[in-house]
Amino acid sequence: GLIFIFIHGLAKIQGGPEFWTMLGKSTSNLGINFLPAFWGFMSAFTEFFVPMFIIAGFLFRPATVLLAINMIVALSTLFMRLEPWGKIAYPLLLLILFISLFFIGPGRYSVDEYIKRRKNKNEV
């Protein structure tokens with residue numbers, strides 16, 4: 001999570017509207033051609049803030065879905081550019097990681113598990 005925040009997310013969230021517009025144009029590979037600055041900001045937000053949710057185990061599964069979608073967009077961009085497999089491998093690996101984390105779940109020491117235990121305790 002920390003690596004994702006500082007290596008990927010920090011530069012993107014600090015990039016500003018021009019950078020977000022350029023980043024958001026990647027969604028055109030999926031047929032989404034409107035509001036590129038919004039989509040670019042959402043990608044930057046996802047890569048900077050959502051890993052914090054994963055670290056804490058808060059809204060864990062929705063967080064993994066958002067990051068998996070981000071990787072799908074990244075992969076579509078790389079495939080459209082006909083990039084070599086060496087460049088495609090990293091986002092593909094991250095996509096597989098986020099899908100795996102979705103199925104594994106947040107774990108016993110997560111905020112989600114704490115909330116679930118409190119909820120079950122209050123219902124009894």
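Please read all numbers here as calculations on a predicted model, not as lab measurements.
Smallest separation of non-hydrogen atoms from E83 and I88: O-CD1, 3.4 Å. Heavy-atom minimum distance, F58 versus V111: CD1-CG1, 3.6 Å. Nearest heavy-atom pair, G1 versus P51, reported as atom, atom and distance to 0.1 Å: O-CB, 3.6 Å. Between S110 and P106 the shortest heavy-atom distance is OG-CB, 3.4 Å.
Summarising the geometry, atom CG belonging to N120 is positioned 12.0 Å from atom CD1 belonging to I115; distances are rounded to the nearest 0.5 Å. For the atom pair CH2 (W85) and CG (L78), the distance works out to 10.5 Å, reported to the nearest 0.5 Å. Note that the CD1 atom of I55 and the CG atom of L2 stand 4.0 Å from one another [nearest 0.5 Å]. Rounded to the nearest 0.5 Å, atoms OG1 (T27) and CD1 (I72) are 13.5 Å apart. Distance check: L67 CG to I99 CD1 gives 11.5 Å after rounding to the nearest 0.5 Å. In this structure, the separation between CG on L75 and CG on L95 is 6.0 Å, given to the nearest 0.5 Å.
More than 12 heavy atoms of other shown residues, nucleotides or ligands fall within 6.0 angstrom of atom CE in M22. Counting heavy-atom neighbours within 6.0 Å of W20 CH2, excluding the residue itself, gives a total above 12.
With a 4.5 Å cut-off on side-chain heavy atoms, F60 and L101 count as touching. Using a 4.5 Å cut-off on side-chain heavy atoms (C-beta onward), V65 and R61 make no contact. Side-chain contact check for L66 versus P62: every heavy-atom pair is 4.5 Å or farther apart.
Using a 4.0 Å cut-off between charged nitrogen and carboxylate oxygen, E47 and K12 count as a salt-bridge pair.
The distance between the ring centers of F4 and F98 falls below 6.0 angstrom.
Cluster annotation: L30 and M80 are assigned to distinct hydrophobic clusters (Ile/Leu/Val/Met/Phe/Trp/Tyr, side-chain heavy-atom contacts under 4.5 Å, transitive). A chain of hydrophobic side-chain contacts below 4.5 Å, direct or via other Ile, Leu, Val, Met, Phe, Trp or Tyr residues, connects V50 to I69. Linking ILVMFWY residues whenever their side-chain heavy atoms come closer than 4.5 Å, directly or via other members, leaves I104 and F53 in distinct clusters. Cluster annotation: F48 and M42 are assigned to the same hydrophobic cluster (Ile/Leu/Val/Met/Phe/Trp/Tyr, side-chain heavy-atom contacts under 4.5 Å, transitive). By the criterion of side-chain heavy atoms lying less than 4.5 angstrom apart, applied directly or through intervening Ile, Leu, Val, Met, Phe, Trp or Tyr residues, L94 is grouped together with F79 in one hydrophobic cluster.
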### Task
Please lay out, stage by stage, how W39 and F34 fare under the test side-chain contact (heavy atoms from CB on, under 4.5 Å).
CA-CA 9 Å; W39 294 115; F34 57 92; 3.9 Å; yes
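Of the possible polar contacts, one joining the N29 side chain to the S26 backbone as a donor-acceptor pair under 3.5 Å is found.
Side chains of T46 and N70: no donor on one and acceptor on the other come within 3.5 Å.
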